[in-house]
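As structure tokens, the structure follows; a few thoughts come after it.
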Amino acid sequence: MIAGKTNKLSSALLKLTLAFNSSPGRLFALRMTVSMALLSIPFIIAGKPFYGVTLALGALAAGLSETDDHPRGRIKALSLTVISFFVSSFAVGLLNNHPFWLGAGFILSTILFILLGGTGERYRAITFGSILIGIYAMLGIEISPAWYWQAVLLPAGALFHGLLTLILMYRKPFRLLDEQMSNGFINLSAYLEKKSGLFPSNIKDQQPINQELALLNINVVNSLEKIKDVLNSYDRELKRPEQLRPYLQRFMVLQSLHERAASSHEKHDKLSGEAGSSEVMSAMGEMLRQLSYATRQVGEKMLTGTNYQHPLALELISKAIDEKLKTMDAEKAQALLLLHHNLDRSQQALKYLDNAEEGSAVPRLRKDERNPFQRFKALLTFEHPRMRYAIRLSMSFLIGFFIERYFQLDKGAWVMLTSLFVSQITYSETRRRLFQRLLGTASGVVLGVILLQVFTNTAAQVLMMLGSAFAFFYWVRSRYSVAVVFITTFVISAFNLISKDAGLHIMVPRLIDTVIGASIAFIVIRLLWPGWQFRRMPGLISKALLKNMDYLRAITNEYNVHTEDDLEYRIARREAHLADNELALAWNSMRLEPKSKQMSMQQAFTLTYLNHALLSHISALGAHRETSTPDLNEIRTVSNRVMEGLKEAGHYSETEQLGFASDLTVLLNDLQEQLSASESGLQKQRLRLLYNIAGTTDKIVREIQA
């Protein structure tokens, strides 16, 4: 009987452990909640709630300031965090009775912190936390037993949380890499799942799917960037870099899978409508769904530390498609052969995910060779978005600080706290955050009133505070509007613990201050460098076209001389995708701007769509670069003509000062004749890819000319 209960308990604990290990969000929220509980509960029991809650706030700010570093890098980051938290909170306490110097120091330090944050991801998180701690210190100064206590408690809470995190990290030093790599595979899984909707499809279905794919592609490319940064961080700290070999190899596989996933070989509606092709297209759609499932499994298995098992269904579907293609008319099967080859190579890459040769070269990663001073110097121009953001945020703080002091607002520092979270680098993101903050705060106040009627004693309110903290940290990285609801209930319960019924009394001031702070942030960005997207579009289109040109050139070079370490090729591919992402985000942001600023909306959409289509066709050519080709000169000739067209279109879209010397009509007619004369085989497949690239480039040129 006892043994049975023990087994049930062990099984329950195992399931609970897996539930947290398989979800980085849950694990992060649990770690933060435990840290805050250990800091606050002893002091609350001892009747000193101010000390406990202030320590917990220090831990909260430290959690929001965490950097994606190797444990040794985290030690350096923690040292900087504690020092900067001390300086911010000490300055607030020291200057609280000198409003002019407090305001001037806070405004100037905000500009400095934001610019320092632009020199690297590590500094960005720490400097944000330092500004946050300064505002927390302003909120708590009135109830602090002495002016210096917050300068002791807030950094101490951050230090405690940082040390607890380091202890956990040294137990699993590669956990952060596992999480980032897992996120990359899971984002790719979502992309593959959405792309399966194109197999088969008609023209009407394709536009919304392609729009969603462009946005999902942003998530995948951002994940790849994040993984690269974390790999570089670990590489700097590890004494034996070969420990990174398995992660580097998986990173290369992930990049290859993404290139294949992003590639487009032929118009899907054309293939779907042909007699005999529809069945194969449906099978390919199912294969994409199975690839989506497999990549998600890779991501989830990395989190739980278990081995990936390749789905047998993938191989069976691939073989079935291969058999079907052999029975089809060669001409009809032609366009489907490369598609199947692409999908089969993807499933083979997953099947042999960790079977790379031990002696193979460790791939290099691109690193920013500039030192911190050079990166900081690059920000010192009013044209840089980071400098503009720093000035806008400091201006919001200046207005908020003046309103707080002039009108003697109760807890008026919440005006600046709201401005900090609402102010973003772009107008569209600021507008989105404004509505999320207002709706979340209002919902949190209503929920807080209800919960305080239920949780009436101290123990219950401690549970309410910690439960709110867990929910906040669980949602803060994925759904900000939900996170705001729970940070509001956290604040209400925390104040109620410090002083009876104080949580209820602060709800109206919090709502008023939130509306004021959000309004200030919105008005400031509306007036100061709103950065309307129609003004940015010509430069972004130019950049995207020129980066696609560089990507095509890199592919041509790879066909000429295939290298083991294709760093230059990967850099060109990465920059083409980043430029495409920037263009897609700009168009998406334009939709949230005032109607009067949505100039050339349709043309911007058309060029964004065509650029993404061009990138997909170029990716298809790149995905097949390992296959030998009988006629390299044909690829080089077509690529050179296309690159000339892209270069002219890129320069003209931004300057409108140059004409178009290149006409791709002759090239397209020539390729069409070659396609008609060619027999089925590798050469015809390659010609089809080149024709798609040239055809899409021609559409872009004509659109820009129009």
Side-chain angles (χ1 to χ4, degrees), residues 19-20 23-41 44 49 52-66 81 85 125 128-129 131-133 135-136 139-140 154 157-158 160-162 164-165 179 411 413-414 417-422 424 432-452 454-455 460-498 503 506-507 510-511 513-514 517-518:
F20 279 97
S23 171
R26 283 196 207 112
L27 203 58
F28 174 57
L30 178 65
R31 176 162 52 83
M32 290 302 311
T33 307
V34 169
S35 178
M36 294 169 75
L38 291 173
L39 286 166
S40 61
I41 290 176
I44 291 171
V53 171
T54 306
L55 285 166
L57 283 174
L60 185 150
L64 295 176
S65 306
E66 283 186 356
T81 300
F85 280 19
F128 173 84
I131 297 171
L132 182 62
I133 278 293
I135 299 174
Y136 281 166
L139 282 168
L154 290 169
F160 178 87
H161 169 73
L164 178 64
T165 301
E179 289 181 0
K411 301 298 176 189
W414 266 321
L417 185 67
T418 302
S419 294
L420 174 64
F421 284 104
V422 170
Q424 302 296 309
R432 187 180 289 113
R433 275 293 179 94
L434 180 144
F435 289 112
Q436 290 174 337
R437 190 79 187 182
L438 291 177
L439 181 61
T441 301
S443 303
V445 166
V446 172
L447 181 61
V449 171
I450 295 170
L451 291 176
L452 284 181
V454 178
F455 299 104
Q461 287 174 15
V462 169
L463 288 175
M464 176 181 165
M465 182 182 77
L466 296 176
S468 298
F470 180 89
F472 167 72
F473 282 107
Y474 179 73
W475 292 111
V476 72
R477 294 177 176 177
S478 56
R479 294 188 64 183
Y480 181 74
S481 55
V482 177
V484 173
V485 174
F486 291 105
I487 196 61
T488 303
T489 58
F490 170 85
V491 169
I492 289 170
S493 55
F495 272 91
N496 226 55
L497 285 167
I498 293 173
I506 65 161
M507 285 189 286
R510 180 170 175 81
L511 266 177
D513 294 343
T514 297

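Keep in mind the model is a prediction, meaning the values are calculated, not measured. Throughout, numbering of the chain's residues begins at 1 and tracks the sequence.
The closest donor-acceptor contact from the side chain of Q461 to the backbone of F455 lies under 3.5 Å. For the pair T441 (side chain) and L438 (backbone), a donor-acceptor distance under 3.5 Å is absent. Distance alone, capped at 3.5 Å, is enough to place a donor-acceptor pair between the T165 side chain and the H161 backbone. Judged by distance alone, the side chain of R26 and the main-chain N or O of A19 form a donor-acceptor pair under 3.5 Å. Not a single donor-acceptor pair under 3.5 Å links the side chain of K411 to the backbone N or O of R510.
We find the CG-OG distance between L452 and S493 to be 7.5 Å, quoted to the nearest 0.5 Å. Between the CZ atom of F85 and the CG atom of L132 there is a distance of 7.0 Å, given to the nearest 0.5 Å. Rounding to the nearest 0.5 Å gives a distance of 5.0 Å between CZ of F28 and CD of E66. One finds the CE atom of M36 at 6.5 Å from the CG atom of L57 (value rounded to the nearest 0.5 Å). Here the CG atom belonging to L463 is positioned 11.5 Å from the CG atom belonging to L451, to the nearest 0.5 angstrom. Rounded to the nearest 0.5 angstrom, L60 CG and L55 CG are separated by 12.5 Å.
By the 4.5 Å heavy-atom criterion applied to side chains, S23 and Y474 are counted as neighbours. In this structure, the side chains of L439 and S443 come closer than 4.5 Å at one or more pairs of heavy atoms. Residues W414 and I506 meet the side-chain proximity criterion, which asks for heavy atoms closer than 4.5 Å. The closest side-chain heavy-atom distance from F495 to V53 is not below 4.5 Å. Contact of the L64 side chain with the F473 side chain is registered, since non-hydrogen atoms from C-beta on lie closer than 4.5 Å. Using a 4.5 Å heavy-atom cutoff, the side chains of R437 and T418 are in contact.
Taking T489 as the reference, S468 meet the side-chain hydrogen bond (donor to acceptor under 3.5 Å, both in side chains) condition, with sequence neighbours excluded.
No side-chain donor-acceptor contact under 3.5 Å links Y480 and R432.
A29 and F470 get closest at one heavy-atom pair: CB-O, 3.3 Å. In terms of heavy-atom proximity, I133 sits nearest to A61 at CD1-CB, 3.6 Å. The two residues G517 and S419 come nearest to each other via the heavy atoms O-OG, 3.0 Å. Here the closest non-hydrogen pair linking T488 and G444 is CG2-C, 3.7 Å. Of all heavy-atom pairs spanning A59 and S35, the tightest one is CB-OG, 4.0 Å. When every heavy atom of A483 is checked against every heavy atom of F472, the shortest pair comes out as O-CD1, 3.3 Å.
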Practice problem: In sequence, state the C-alpha distance, the side-chain angles, and the governing distance for Y136 and T54, and then conclude on side chain to side chain contact (heavy atoms under 4.5 Å, CB included). | Solution: CA-CA 9 Å; Y136 281 166; T54 306; over 6 Å; no
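A cation-pi arrangement is absent between R433 and F421 under the rule of less than 6.0 angstrom and at most 45 degrees off the ring axis.
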